[in-house]
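For clarity, every value in this text was computed on a predicted model and none was experimentally measured. Values below: all heavy atoms of this structure, side chains included; hydrogens, waters and symmetry mates excluded.
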Amino acid sequence: KEEIFEKLLNSGNIHIKEILAENPSTLPEILTKLSQDKNVIVRAGVADNPKTPVDILAKLADDEEEWVRMVVAKNLSTPPHILEKLADDNRDNAYFEDFRKAVASNSATPAKLLEEIAKDNIKDNIYEIDKALAQNPYITPKVLAILSRRKDEDIKMAVASNSNTPSEILEKLSQDEDKDIRKSVAYNPNTPPEALTKLAGDIEMKIRQGVAQNPSTPTDTLIDLIDDREEGVRVAVAYNPSVLKVDSPQQKKSISPSM
């Protein structure tokens, strides 16, 4: 196998080198050589490879090309100390916002760093960074609490949809004037039963539909929704995991918030 990789590398074909750079099965010593390639696409491929050794990722984090450093920031295998470096070292760079967004969206970014980015952005108020934080599946409740106080409706909607958002934040967001935020709360299984019961009486059909399909909705509320004036809400009750065990492919066709 090593002989094959070496021969492919020595072929000099740029497309072969790009493939090798992105392949998780490529040997570490080959990735090391490719990380020094003059072609930026090849180096970016190594930066994106989940099997690239940490010491090579550290070197690529100092690459002269912003694109390569950005790819390192997005790599789930990049260790915390390198992510922290990428989030701070480019502060005076024109791409600072993009670097912070990349680190904020990386599910491997440690909670402490995510919290620092969120606090810094209270002053900077950069929308894309807030959105990346709000959509991170491993974001902490502390950061979600900060983001839930933003004025931007899209950010609050992302917080309302996040599976890590605490019930007390969802309770507050369930009373938001924006119907899309309330709809996101209605579909979130972390939403407390009391809030779901209130949302079951919302004037918006799609919000009631979300409540009807939410596994955390109280039984009494589901019973009331069976008599809802809209068929879509009544059908959603039947799809509720606490009502019907879904087994067949036909049954697994869920009613999404976009419907």
Side-chain angles (χ1 to χ4, degrees), residues 76 104-109 111 114 118 130-259:
L76 299 182
S105 63
N106 192 326
S107 58
T109 301
L114 291 174
D130 274 347
K131 189 170 184 180
L133 287 167
Q135 293 178 336
N136 190 316
Y138 296 101
I139 200 70
T140 64
K142 188 174 181 179
V143 174
L144 287 166
I146 293 173
L147 296 174
S148 69
R149 295 191 288 272
R150 297 286 203 258
K151 293 182 179 180
D152 192 281
E153 294 175 351
D154 285 345
I155 300 303
K156 290 195 290 184
M157 187 162 60
V159 171
S161 300
N162 196 298
S163 59
N164 285 336
T165 301
S167 59
E168 59 269 23
I169 294 178
L170 291 169
E171 170 71 42
K172 292 180 181 179
L173 291 174
S174 70
Q175 303 170 44
D176 198 275
E177 294 180 358
D178 187 272
K179 64 181 180 180
D180 290 326
I181 293 174
R182 299 199 309 277
K183 181 175 71 174
S184 296
V185 173
Y187 276 89
N188 195 320
N190 287 344
T191 301
E194 300 80 7
L196 289 170
T197 296
K198 290 180 181 178
L199 288 172
D202 199 282
I203 191 172
E204 294 290 333
M205 185 274 287
K206 290 183 179 180
I207 293 174
R208 301 197 307 278
Q209 190 178 54
V211 175
Q213 202 174 349
N214 195 316
S216 298
T217 300
T219 301
D220 289 347
T221 302
L222 290 175
I223 291 174
D224 290 340
L225 289 171
I226 293 174
D227 295 325
D228 193 275
R229 61 183 178 277
E230 297 286 349
E231 181 184 9
V233 176
R234 301 195 298 271
V235 172
V237 175
Y239 278 102
N240 192 300
S242 65
V243 174
L244 177 68
K245 182 178 179 181
V246 178
D247 292 315
S248 71
Q250 182 63 29
Q251 289 175 313
K252 288 181 180 178
K253 291 168 61 180
S254 63
I255 302 174
S256 67
S258 61
M259 288 184 65

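Closest approach of A145 and I169 over heavy atoms only: CA-CD1, 3.5 Å. Nearest heavy-atom pair across P218 and T197 is CG-OG1, 3.8 Å. Heavy atoms only, all atoms of each residue included: P166 and L144 are closest at CD-CD1, 4.4 Å. The two residues V185 and L196 have their closest heavy-atom pair at O-CD2, 4.5 Å. The heavy-atom pair separating I181 from A160 by the smallest distance is O-CB, 3.9 Å. Across every non-hydrogen atom of G232 and Q209, the tightest pair is O-NE2, 3.4 Å.
With hydrogens and angles disregarded, a donor-acceptor distance shorter than 3.5 Å links the side chain of N240 to the backbone of N214. Using modelled atom types, one side-chain atom of S216 and one backbone atom of P189 make a donor-acceptor pair closer than 3.5 Å. N190 places a side-chain N or O within 3.5 Å of a backbone atom of S163 that can act as its donor or acceptor partner. Distance alone, capped at 3.5 Å, is enough to place a donor-acceptor pair between the T165 side chain and the V159 backbone. Under the 3.5 Å distance criterion, the side-chain polar atoms of T217 are matched with a main-chain donor or acceptor of V211.
Residue E204 holds its CD atom at 9.0 Å from NZ of K183, rounded to the nearest 0.5 Å. In this structure, CG on L170 lies 12.0 Å from CG on D176, to the nearest 0.5 angstrom. In this structure, K179 NZ and I207 CD1 are separated by 8.0 Å, a value rounded to the nearest 0.5 Å. Separation of atoms CZ (R234) and CG (L222) is listed at 15.0 Å; rounding is to 0.5 Å. The structure places CD of E171 at 7.0 Å from CD of E194, a figure rounded to the nearest 0.5 Å. Atom CG of N136 and atom CG of N106 lie 7.5 Å apart (nearest 0.5 Å).
For the pair R149/K172, no side-chain contact is recorded, criterion being any heavy-atom separation below 4.5 Å from C-beta on. The shortest distance between side-chain heavy atoms of L114 and T140 does not fall below 4.5 Å.
For S167, the side chain to side chain donor-acceptor pair (under 3.5 Å) criterion is met by no residue, not counting sequence neighbours.
Looking at K156, Q135, R150 one by one, the single match for side chain to side chain donor-acceptor pair (under 3.5 Å) with D130 turns out to be R150.
Crowding of L76 atom CG: a count of heavy atoms from other residues, nucleotides or ligands under 6.0 Å exceeding 12.
A salt bridge links D202 with R182; the closest basic N to acidic carboxylate O contact falls under 4.0 Å.
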